[in-house]
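Proteins come first, then strands; the chains are lettered A, B, ... in the order of their sequence lines, and each starts at number 1.
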Number of protein chains: 2
Amino acid sequence: MKACCDNHINPEKAKNLLSLNGLNRTKTKVEILVELSKSKTPLSASEIHQHLGSESCDISTVFRTINQFKEKGLVKELNLGEEFFRYEVTSSGPGHDHHHHHHVRCRDCGDIKLIEKCDIAIFEKMISKLGYQKMEHHLEFTGICSQCS
Amino acid sequence: MKACCDNHINPEKAKNLLSLNGLNRTKTKVEILVELSKSKTPLSASEIHQHLGSESCDISTVFRTINQFKEKGLVKELNLGEEFFRYEVTSSGPGHDHHHHHHVRCRDCGDIKLIEKCDIAIFEKMISKLGYQKMEHHLEFTGICSQCS
DNA sequence: ATGGATGCAAATGATTTGCATGAAG
DNA sequence: CTTCATGCAAATCATTTGCATCCAT
C-alpha cells in the first residue's frame with residue numbers, strides 16, 4: 001500500500017484554513033492542524049497531545065480544538081475498533097485534495113495502513129495481498145432518517 | 001428493511017450454548033444471553049444492565065460476561081459511531097444461523113436498523129430507499145498483519 | 001472442596017465542563 | 001473592549017480491577 005497522500009499543512013496554510021472556517025488563528029489551533037496533517041495515520045487526542053510536547057497545550061484544549069475542527073468539517077473522527085477515537089484531516093484547503101479512503105488496522109500490533117479504493121471486494125483483495133490474515137471488516141452507515149429530516 | 005432475523009434464545013438454549021462453549025451456566029450469563037438475543041438492535045452494556053432491571057447483576061458483571069462471550073465468539077462488539085460499544089449475538093447455536101450484516105444508525109435520533117447484504121453499492125441504494133439522507137459510511141478492516149502472523 | 005462468578009468500591013482512561021485568566025479581532 | 005481560547009481541576013462516562021464472598025461443578 002502506498003503511503004498516505006501528502007496532506008501536509010504548513011503554518012501559513014493552517015492560518016488560512018482557520019480564517020476560511022471562521023476560527024481564531026491561535027498558536028494551539030495552528031499546531032494541532034499542522035501536526036494532524038503531518039501524520040501518515042490518524043491520531044488520537046492523546047497522541048496529538050504527546051506529539052506537541054509537554055510544554056504545549058492541555059489535553060482538554062486538544063479535545064476542544066478537535067471538536068471545533070469536526071464541526072467545521074476540517075477533521076474526521078474515526079473508529080478503528082479501539083477504545084478511543086482517532087482523527088484525520090479531511091480538507092487541506094486549496095491545492096490539497098482529500099479523497100475518500102479507509103484503513104486497515106492490525107488487531108495484534110495496532111499498525112494502521114491506508115486503503116484507497118472504496119469497494120469491499122477490491123479492498124479485501126488488496127488487503128490480503130498485504131499479508132493480512134483473519135480479516136474482519138466493520139461497515140456501518142449513518143445518515144439522517146426520514147423522521148428526522 | 002425487514003426486522004432482524006429471529007435469533008431468540010430461550011433459557012434452555014442459553015444453557016446449552018454456555019456448556020458448549022465451556023462457560024458456567026449461571027443465572028447472570030443466561031439472562032444476558034437471552035436479553036441480547038431478544039433485542040432487534042445491538043445493545044450497549046448499560047442498556048443490557050437496565051433491561052435486566054435493578055434487582056439483577058452489577059454493571060461490572062455485565063462487562064465481564066460480555067468479555068467472556070466475546071472471547072468465545074458468542075457475541076460481536078460493534079462500533080456505531082457512539083462513545084461506547086454495542087453488542088449482538090453472533091451465534092444462536094443449532095437451528096439458528098447468524099448471517100453477516102451491518103447497520104444504519106440515524107445520527108439524529110439514534111435509531112438503528114439492520115441491513116442485510118454486504119455490498120456497498122447495494123447498501124447505499126437500500127438505505128436511501130429507506131429515506132435516509134446525508135449518508136456516511138465507516139468501513140474499517142482489521143486483521144493480523146504479516147509481521148504478527 | 002475448588003475454581004470460577006459476583007457485588008461493591010475503587011481505579012483507569014477518554015472526554016467534557018466550570019471557572020478564572022489571558023489572548024485575538 | 002468583548003468574545004473566544006486556554007489551563008487547571010473537577011466531573012462524567014465507559015470500562016476494568018482488587019478483594020472478599022458465594023455459587024457451579
Side-chain angles (χ1 to χ4, degrees), chain A residues 11 14-33 35-36 42-72 74-87 110, chain B residues 11-12 14-36 42-72 74-87 110:
Chain A
K15 289 180 187 167
N16 263 326
L17 270 176
L18 292 172
S19 297
L20 284 172
N21 286 279
L23 296 171
N24 277 355
R25 305 148 66 104
T26 69
K27 185 160 76 78
T28 301
K29 287 191 170 65
V30 170
E31 283 177 359
I32 293 181
L33 205 44
E35 191 59 36
L36 259 182
L43 300 176
S44 66
S46 106
E47 285 172 341
I48 295 171
H49 188 229
Q50 292 166 210
H51 289 194
L52 295 187
S54 46
E55 76 296 327
S56 185
C57 73
D58 191 78
I59 183 75
S60 66
T61 299
V62 173
F63 280 108
R64 278 192 277 230
T65 303
I66 287 172
N67 284 337
Q68 293 183 111
F69 288 173
K70 270 200 298 181
E71 284 164 20
K72 297 300 183 177
L74 280 172
V75 307
K76 187 177 173 186
E77 184 176 69
L78 301 177
N79 247 306
L80 267 63
E82 297 160 302
E83 330 70 48
F84 46 81
F85 290 111
R86 290 183 177 274
Y87 304 89
Chain B
E12 300 308 310
K15 288 180 186 165
N16 264 327
L17 269 176
L18 291 172
S19 297
L20 285 174
N21 285 280
L23 296 171
N24 277 353
R25 306 147 66 105
T26 68
K27 186 162 74 78
T28 301
K29 287 191 171 62
V30 170
E31 285 177 356
I32 293 180
L33 206 43
V34 169
E35 190 60 35
L36 259 181
L43 300 176
S44 66
S46 108
E47 285 174 339
I48 295 171
H49 188 229
Q50 292 165 209
H51 289 194
L52 296 187
S54 47
E55 75 297 328
S56 186
C57 73
D58 191 77
I59 183 76
S60 66
T61 301
V62 174
F63 280 107
R64 277 191 278 231
T65 303
I66 286 172
N67 284 336
Q68 292 181 114
F69 289 173
K70 269 200 298 179
E71 283 163 21
K72 297 301 184 177
L74 280 171
V75 307
K76 186 178 173 187
E77 185 176 68
L78 301 178
N79 246 306
L80 267 65
E82 296 159 304
E83 331 68 51
F84 46 81
F85 290 111
R86 290 183 176 275
Y87 304 89

What donor-acceptor contacts under 3.5 angstrom involve side-chain atoms of residues 22-33 of chain B, with partners at least two apart or in another chain?
{"residue": "Arg25(B)", "atom": "NH1", "partner": "Ser19(B)", "partner atom": "OG", "Å": "2.6"}
{"residue": "Thr26(B)", "atom": "OG1", "partner": "Lys29(B)", "partner atom": "N", "Å": "3.2"}
{"residue": "Glu31(B)", "atom": "OE1", "partner": "Ser56(B)", "partner atom": "OG", "Å": "3.1"}

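In the set dT15(D), dG7(C), dG7(D), the nucleotide with an atom closest to the side chain of Phe84(B) is dT15(D). Distance from the side chain of Asp58(B) is smallest to dC8(C) among dC8(C), dT6(D), dT16(C). Here the side chain of Asn24(B) is nearest to one of dA24(D), dT16(C), dT6(C), namely dA24(D). The side chain of Ser60(A) lies closest to dC8(D) when the candidates are dC8(D), dT15(C), dA14(D). Of the candidate nucleotides dA24(D), dT15(D), dT15(C), dT15(C) has the atom lying nearest to any side-chain atom of Phe85(A).
The existence of a salt bridge linking Glu77(B) and Arg86(B) is excluded, since no basic side-chain nitrogen approaches an acidic carboxylate oxygen closer than 4.0 Å.
A straight line from CG of Leu18(A) to P of dA23(C) spans 19 Å, rounded to a whole angstrom. The distance from atom CD of Glu83(A) to atom P of dT16(D) is 8 Å, rounded to the nearest whole Å. Rounded to an integer number of Å, the gap from NE2 of His49(B) to P of dT16(D) is 15 Å. Rounded to a whole Å, the CZ atom of Arg25(A) is 16 Å from the C1' atom of dC4(D). Taking atom CG of residue Leu23(A) and atom P of nucleotide dG25(C), one finds them 11 Å apart after rounding to whole Å. Lys70(A) has its NZ atom 12 Å from the C1' atom of dA14(C), to the nearest Å. In this structure, CD of Glu82(B) is placed 15 Å from P of dC13(D), rounded to the nearest angstrom. For Ile66(B) and dA14(D), the CD1 to P distance is 13 Å, given to the nearest whole Å.
Closest non-hydrogen pair, Lys70(A) versus Tyr87(A), comes out as CD-CE2, 4.4 Å. Of all the heavy atoms in Ile59(B) and Ser46(B), the pair that sits closest is CD1-CA, 3.9 Å. Minimum interatomic distance between Leu80(B) and Leu78(B) (heavy atoms only, all atoms of both residues): CD1-CB, 3.5 Å. Across every non-hydrogen atom of Val62(A) and Ala45(A), the tightest pair is CG1-O, 3.7 Å.
Along DNA chain D, the nucleotide nearest Ile59(B) and the nucleotide nearest Lys27(A) are compared for position; the residue whose nucleotide lies closer to the 5' end is Lys27(A).
From Leu52(B), atom CG reaches atom CD of Glu47(B) across 11.5 Å, with rounding to the nearest 0.5 Å.
Among the heavy atoms of the strands lying under 4.0 Å from Phe63(A) is at least one base atom, whether or not backbone atoms are also near.
Distances shown here put a side-chain N or O of Thr28(B) below 4.0 Å from the OP1 or OP2 atom of dT6(C). For the pair Gln68(B) and dG4(C), the criterion of a side-chain N or O lying under 4.0 Å from OP1 or OP2 is not met. For Lys29(A) and dT6(D), the shortest distance from a side-chain N or O to OP1 or OP2 is below 4.0 Å. Remark: Asn67(A) is in phosphate contact with dT16(C), judged by side-chain N or O atoms under 4.0 Å from OP1 or OP2. Taking 4.0 angstrom as the limit, Thr26(A) places none of its side-chain polar atoms (N or O) nearer than this to OP1 or OP2 of dA5(D).
Looking at His51(B), its side chain never comes within 3.5 Å of a backbone N or O of Leu43(B) through a donor-acceptor pair.
Contact annotation: side chain of Arg64(A) to base of dG7(D), donor-acceptor pair present below 3.5 Å.
The rotation axes computed at either terminus of the helix from dT12(C)-dA14(D) to dG25(C)-dC1(D) lie 30° apart, taking five pairs at each end and rounding to 10 degrees.
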